[in-house]
Amino acid sequence: MILRTRVTDLLGIRYPIVQGGMQNVGYAPLAAAVSSAGGLGMITALTFADPGALAQEIARCRALTTAPFGVNISVFPTMRPPDYGAIVDAIADGGVEVVETAGTPAVRAVWDMLFARGIRVIHKCTSVRHALSSERYGVHAVSIDGFECAGHPGEDDVPGLVLIPAAADRLSVPVLASGGIADGRGLAAALALGADGVTMGTRFCATREAPIHDNVKQAYVDKDERETDLLFRPFRNSARVGRNAISTEVLRRTAAPDAVFADVAELVSGLRGKALLQSGDIDSGIYWASMVQGLIHDIPSCADLIERMIADARAVITDRLAGMICG
């Protein structure tokens, strides 16, 4: 079966399901598995030490699948900014035609480079106003992140049930619903709310192909929708993570009226988070987790997950909802 939307047409994929870019998770085997199953897999550029390593990963993915896949580029303040020009060159030279972006307004410089190379851009936003600004600048699609999402949900706290249709009402470009989606019901709901597809991150972490320790995958199965924490709210840089000993300690330290980021920097370092994903020591750092973990009950292959989602979405649309119409 093919489920056709503006997103499938734009990206050249069979199903309107995109794997979001995830630091230290978005490697070639996961991206290739998602793409081969009919969605759009995503390699995460800043996972790699330099553009040369990214180029090698793109080639590795190309060897694993003949289907389209994308690359994620995030632009956030850092002491040592990446060489975005070289990253874009690696992407374009590798034949990648779709890039997902996220970050501060400085991302526009990256868009300019991508547009010049004829690459389609999906930009991740957490508000309608930012989505509209991105559309005016020329992005080809928007992934709208509801408050439920893992990672950075913004500071407006608008959940997907409101944010998705609010974005669909105002935007002309295709909209991907992101945050809180794990199954066919979520896909059908997103389409009903006006989206053209979905982006999933946490759900793809709990798959066989995800390159993280089994303990982390099992944590997504075991924990429910209440077991996430929002960190860094006092600094207006909110981040949703899985609840563990480290997140609890971060919240304790940052509750102080005079708290600064330096008070928790060593607890939340990227190196500690990467080590957690590899070691499976669930209380050794922080790891991203959406509220959607309350809907995750197994660890399937990407192919099984996507086929199940499409079958369930079809049943919701053609059977359950159609069966409610009388007369």
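Worth knowing before you read on, the calculation uses all heavy atoms, side chains too, and leaves out hydrogens, waters and symmetry mates.
- We find the CD1-CD distance between I282 and Q218 to be 10.0 Å, quoted to the nearest 0.5 Å.
- Shown are L30, V18, V25; of these, the side-chain contact (heavy atoms from CB on, under 4.5 Å) with M42 is made only by V18.
- In this structure, CG in L10 is found 6.5 Å from CD1 in I122, a value given to the nearest 0.5 Å.
- Rounding to the nearest 0.5 angstrom, the gap separating the CD atom in Q23 from the OG atom in S74 is 7.5 Å.
- Taking the charged nitrogens against the carboxylate oxygens, D156 and R129 do have a contact shorter than 4.0 Å, which makes a salt bridge.
- Residues forming a side chain to side chain donor-acceptor pair (under 3.5 Å) with D298 (at least two apart in sequence, or on another chain): R203, R308.
- Residues meeting the salt bridge (Lys or Arg N to Asp or Glu O under 4.0 Å) test with R6, sequence neighbours left out: D196.
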Mind listing the side-chain donor-acceptor pairs of residues 157-165 below 3.5 Å, one per line with the distance, residues two or more places apart or on another chain?
residue : atom : partner : partner atom : Å
D157    : OD1  : R233    : NH2          : 2.6
D157    : OD2  : R233    : NH1          : 3.0

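- Side-chain contact annotation: Y84 with D89, donor-acceptor N/O pair under 3.5 Å absent.
- Looking only at distances, a side-chain donor or acceptor of N244 sits under 3.5 Å from a matching main-chain atom of G285.
- Between the side chains of T202 and Q293, no donor N or O sits under 3.5 Å from an acceptor N or O.
- For E97, there are no side chain to side chain donor-acceptor pair (under 3.5 Å) partners two or more places apart in sequence or in a different chain.
- Screening residues 265-293 for ring-ring contact (aromatic ring centres under 6.0 Å, His included), with sequence neighbours left out, gives H152-W288, Y220-Y287.
- Listed by chain and residue number, F115 satisfy the ring-ring contact (aromatic ring centres under 6.0 Å, His included) test with H140 (two or more places apart in sequence, or in another chain).
- Side chains of F204 and I306 form a contact here, defined as non-hydrogen atoms less than 4.5 Å apart.
- Following chains of ILVMFWY side-chain contacts shorter than 4.5 Å, one cannot reach F147 starting from I144, and the two form parts of different hydrophobic clusters.
- When side chains are defined from C-beta on, V142 counts as touching L171, because their heavy atoms get closer than 4.5 Å.
- Checked against salt bridge (Lys or Arg N to Asp or Glu O under 4.0 Å), R226 has the following partners two or more places apart in sequence or in another chain: D224.
- Of the inter-residue distances, the one linking T254 atom OG1 with L267 atom CG reads 10.0 Å to the nearest 0.5 angstrom.
- In this structure, the side-chain contact (heavy atoms from CB on, under 4.5 Å) partners of D83, at least two apart in sequence or on a different chain, are A86.
- Side chains of I87 and L54 form a contact here, defined as non-hydrogen atoms less than 4.5 Å apart.
- Note on E266 versus R253: salt bridge recorded, some NZ/NE/NH1/NH2 to OD/OE distance being below 4.0 Å.
- Inspection of the S301 and R208 side chains reveals no N or O donor paired with an N or O acceptor under 3.5 Å.
- The side chain to side chain donor-acceptor pair (under 3.5 Å) check on T65 picks up S36, with sequence neighbours excluded.
- In terms of modelled atom types and a separation under 3.5 Å, the side chain of S269 and the main chain of R272 share a donor-acceptor contact.
- Heavy-atom neighbours of R314 CZ from other residues, nucleotides or ligands within 6.0 Å: at or below the threshold of 12.
- No side-chain donor from either of H130 and S133 sits under 3.5 Å from a side-chain acceptor of the other.
- Looking at heavy atoms from C-beta onward, V198 lies out of side-chain contact with P16 at the 4.5 angstrom threshold.
- Ion pair D9/R4 flagged as a salt bridge, since at least one NZ, NE, NH1 or NH2 atom sits closer than 4.0 Å to an Asp/Glu carboxylate oxygen.
- Under the side-chain contact (heavy atoms from CB on, under 4.5 Å) test applied with T101, the options V121, N72, V75 reduce to a single match, V121.
- Proximity of D312 to R185: side-chain heavy atoms (C-beta onward) are nowhere separated by under 4.5 Å.
- In the hydrophobic cluster analysis, where Ile, Leu, Val, Met, Phe, Trp and Tyr join through side-chain heavy atoms closer than 4.5 angstrom, V292 is grouped together with I17.
- With sequence neighbours left out, R136 forms a side chain to side chain donor-acceptor pair (under 3.5 Å) with no residue at all.
- Under the ring-ring contact (aromatic ring centres under 6.0 Å, His included) criterion, F48 pairs with Y27, sequence neighbours left out.
- Within 6.0 Å of the CZ atom in R117, the count of heavy atoms belonging to other residues, nucleotides or ligands exceeds 12.
- With D145 as reference, S178 is the one residue of S290, S178, S127 to meet the side-chain hydrogen bond (donor to acceptor under 3.5 Å, both in side chains) rule.
- Every residue two or more places apart in sequence or in another chain was checked for a ring-ring contact (aromatic ring centres under 6.0 Å, His included) with F235, and none qualifies.
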